[in-house]
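These notes are about the structure you will find just below.
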Amino acid sequence: MISENYNRLFEAAKIVRDKAHVPYSRFKVGAAFLTDDNSIVVGCNVENAAYPQSQCAEATAIGNLVSQGFSKIKEVVVIGSGNLLCSPCGGCRQRLREFASLDVPIHMCNSEGHLKTSTLEELLPDSFGPENL
Ligand code: THU
C-alpha cells in the first residue's frame with residue numbers, strides 16, 4: 001500500500017472517471033484529492049464541441065475543491081485510460097501548485113492500479129507559486 005489513503009482515493013477517482021464527458025477523445029480521466037481534513041474531492045474531464053473549451057479532470061476537481069470550501073491538497077490520484085502513464089498536463093501541474101505543497105505525492109494510475117508516483121516538485125521543478133509573489 002502506498003499510503004493509508006491511497007485505496008480510498010483510487011476508488012473515488014475510478015468512480016468519477018466513469019462520469020467523464022469525452023465524446024471527442026474517448027479518453028476518460030478521473031482525479032481525486034485528499035484535503036487537509038482527510039475529505040476526498042473528485043473531478044472528471046469535461047470536453048466540449050469547441051475543443052479548446054475542454055477541461056481536464058484535475059481542473060474540475062480543483063473547482064470542486066474550492067467550491068466545497070477547501071484550500072489544501074495533501075495527496076492526489078489521477079486515473080487515465082489505457083496502459084501508458086497519464087500524468088497531469090503542464091497547465092494542471094501549475095493549477096495543483098496553487099493548492100498543494102511541493103512534497104505532495106501524485107499517484108498516476110490506470111483503471112487496473114498504480115503506475116507511478118511523483119511529487120509535485122518532480123513534475124514541476126523551479127515552479128512559480130503563491131509565495132513567489
Ligand atoms: N486529460 C485530463 O483530464 N487530465 C490529464 O492529466 C491529461 C489529459 C484529458 C484532457 C482531454 O479531455 C483528454 O484527457 C485527452 O487529452
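As the structure lists them, so they are numbered: ligands from 1, and atoms in each ligand from 1. Hydrogens, waters and symmetry mates play no part in the numbers below; they use all other heavy atoms, side chains included. In this chain, residues are counted from 1 in sequence order.
Residues passing the side chain to side chain contact (heavy atoms under 4.5 Å, CB included) test with V16, sequence neighbours excluded: V42, C44. With sequence neighbours left out, the side-chain hydrogen bond (donor to acceptor under 3.5 Å, both in side chains) criterion links N83 to N110.
Side-chain contact between N132 and R97 is present, with heavy atoms from C-beta onward closer than 4.5 Å. You'll find the side chain of F70 stays beyond 4.5 Å of the side chain of N64, heavy atoms only. Inter-residue side-chain proximity for C109 and L115 is flagged as unmet; no heavy-atom pair is nearer than 4.5 Å.
Every atom of ligand 1 is numbered from 1 in the order shown, and the set under 4.0 Å from a heavy atom of S25 is 13 (C), 15 (C). Those atoms of ligand 1 with a heavy atom of V29 less than 4.0 angstrom away are 1 (N), 2 (C), 3 (O), 4 (N), 9 (C), 14 (O).
Between the side chains of S3 and N5, no donor-acceptor pair of N or O atoms lies under 3.5 Å.
The shortest contact between atom 16 (O) of ligand 1 and any protein heavy atom is with F27 CD2, 4.9 Å. Among protein heavy atoms, the minimum distance from atom 12 (O) of ligand 1 is reached at E47 OE2, 2.5 Å. In terms of protein heavy atoms, atom 4 (N) of ligand 1 is closest to E58 OE1, 2.9 Å. With respect to atom 3 (O) of ligand 1, the closest heavy atom belonging to the protein is A57 N, 2.8 Å.
The shell of residues lying under 4.0 angstrom from ligand 1, judged by heavy atoms, includes S87. Judged by the shortest distance from any of its heavy atoms, S54 lies outside the 4.0 Å radius around the atoms of ligand 1.
Annotation: N45 places an N or O atom under 3.5 Å from an N or O atom of ligand 1; distance criterion only.
At least one protein heavy atom sits closer than 4.0 Å to atom 1 (N) of ligand 1.
Within the 3.5 Å criterion, the main-chain N or O of L123 finds a donor-acceptor partner in the side chain of R93.
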